[in-house]
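In what follows, a structure is listed as structure tokens, so that the remarks can point back to it.
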Amino acid sequence: MMGLIFAKLWNLFSKQEHKVIIVGLDNAGKTTILYQFLMNEVVHTSPTIGSNVEEIFVKNTHFLMWDIGGQESLRSSWNTYYSNTEFIILVVDSIDRERLAITKEELYRMLAHEDLRKAAVLIFANKQDMKGCMTAAEISKYLTLSSIKDHPWHIQSCCALTGEGLCQGLEWMTSRVGVR
Ligand code: G3D
Ligand code: MG
């Protein structure tokens, strides 16, 4: 009897969806990254649920990914997507030095939001193929990531065009599932 209950509970939890929001300034590479996830063989997907939501399976972990527009006019409505979010994927354009300050502002605004207090943050330092881009270490320092104590975070360099680095990011996310 206990075994059956345990099995049912296990089933319930392993099928649970984990909500992910993909944020970042416009042109950072959010849609390209999501598209790469969908094309990747190790990631199984279901048909598109909505215009900006995709369902992604990595091994047995089930993610619902929300691609949120990054234009200035849309940024003020990011918070309408926050409830129940377990992961934030923050995409940074590593060549865009001018706007990194805006990204930093948006990052700390999100981390202070009540609905995101339990969310883990994966930062993709994207466009690593571009000459003269900032390294993940430089971005980490600029964003003062080491000062973030109340949220798990991880920075991963990547190139969304080739898909390089994206799997490592997803792996970090799956390793965080169920950890509190
Ligand atoms: P967004 O959804 O965050 O707004 P997109 O960004 O995914 O639409 O990408 C914006 C532009 O950046 C696209 O170029 C896209 O091809 C490019 N891009 C995304 N990732 C990379 C990368 O890793 N390296 C390089 N060099 N370019 C990248 P276009 O020209 O289609 O606007
Ligand atoms: Mg987009």
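Just so you know, ligand 1 is whichever comes first in the structure, and atom 1 is the first atom listed for that ligand. The chain is numbered in sequence order, starting from 1.
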>> Can you confirm whether Asp115 is buried at CG, in the sense that more than 12 heavy atoms of other residues, nucleotides or ligands lie under 6.0 Å from that atom?
In response: yes
>> I'd like to check Leu145 versus Ile155 (side-chain heavy atoms, cut-off strictly below 4.5 Å). Are they in contact?
In response: yes
> Under 30°, 30 to 60°, or over 60°: which ring-plane class applies to Phe37 and Phe124, parallel, tilted or perpendicular?
Replying inline: tilted
>> Which of the protein's N, O or S atoms come within less than 2.8 Å of the Mg ion (ligand 2), not counting waters?
In response: Thr31 OG1
>> Has Asn126 got a side-chain atom pairing as donor or acceptor with Ala160's backbone, closer than 3.5 angstrom?
In response: yes
> Is there a side-chain contact between Asp150 and Ile148 (heavy atoms, below 4.5 Å)?
Replying inline: yes
>> Give me the nearest non-hydrogen protein atom to atom 24 (N) of ligand 1 as residue plus atom name, then the distance to 0.1 Å.
In response: Asp129 OD1, 2.7 Å
> Does an N or O anywhere in Gln128 fall below 3.5 Å from an N or O of ligand 1?
Replying inline: no
>> Is it the case that the side chain of Gln36 and the backbone of Leu161 share a donor-acceptor pair, with hydrogens and angles ignored and the cut-off at 3.5 Å?
In response: yes
> What do you think, any protein heavy atom under 4.0 angstrom from atom 7 (O) of ligand 1?
Replying inline: yes
> Among Asp93, Asn27, Val91, Ile22, which one has a heavy atom closest to atom 11 (C) of ligand 1?
Replying inline: Asn27
> Is there a donor in the side chain of Tyr108 and an acceptor in the side chain of Thr144, or the other way round, less than 3.5 Å apart?
Replying inline: yes
>> Tell me the protein heavy atom at minimum distance from atom 20 (N) of ligand 1, and give that distance in Å.
In response: Asn126 ND2, 3.1 Å
> Considering only protein heavy atoms, which is closest to atom 18 (N) of ligand 1, and at what distance to one decimal place?
Replying inline: Lys127 CE, 3.7 Å
> Of all the atoms in ligand 1, which lie at a distance below 4.0 Å from a heavy atom belonging to Met130?
Replying inline: 26 (N)
> Backbone N or O of Leu25 within a donor-acceptor pair of the Lys30 side chain at under 3.5 Å?
Replying inline: yes
> For the hydrophobic clusters of this structure (ILVMFWY residues joined by side-chain heavy atoms under 4.5 Å, transitively), does one cluster hold both Ile123 and Ile68?
Replying inline: yes
>> Do the side chains of Glu138 and Lys141 get close enough for a salt bridge, i.e. N-O under 4.0 angstrom?
In response: no
>> Between Thr61 and Met173, is there a side-chain heavy-atom distance shorter than 4.5 Å?
In response: no
>> Looking at ligand 1, is there an atom of it that comes within less than 4.0 Å of some heavy atom belonging to Ala28?
In response: yes
> Under 3.5 Å between some N or O of ligand 1 and some N or O of Lys30?
Replying inline: yes
>> Starting from atom 27 (N) of ligand 1, what is the nearest protein heavy atom, named by residue and atom, and what distance separates them?
In response: Leu161 CD1, 3.6 Å
> Under 3.5 Å between some N or O of ligand 1 and some N or O of Gly29?
Replying inline: yes
> What atoms of ligand 1 come closer than 4.0 angstrom to any heavy atom of Asp26?
Replying inline: 4 (O)
> Among protein heavy atoms, which lies nearest atom 5 (P) of ligand 1, and at what distance?
Replying inline: Thr32 OG1, 3.5 Å
> At what distance is the nearest protein heavy atom to atom 2 (O) of ligand 1, and which residue and atom is it?
Replying inline: Thr31 OG1, 2.8 Å
> Under the side chain to side chain contact (heavy atoms under 4.5 Å, CB included) test, which residues partner Thr31, sequence neighbours left out?
Replying inline: Asp67
> So His154 and Trp172, would you call those rings parallel, tilted or perpendicular, with 30° and 60° as cut-offs?
Replying inline: parallel
>> Students should be able to answer this: which protein heavy-atom is nearest to atom 23 (O) of ligand 1, and at what distance?
In response: Ala160 N, 2.9 Å
> Are any of the heavy atoms in Ile33 under 4.0 Å away from ligand 1?
Replying inline: no
>> With heavy-atom distances below 4.0 Å as the criterion, list the atoms of ligand 1 near Leu25.
In response: 3 (O)
>> Taking Ser83's backbone N and O only, do any of them form a donor-acceptor pair with Lys19's side chain (distance below 3.5 Å, no angle check)?
In response: yes
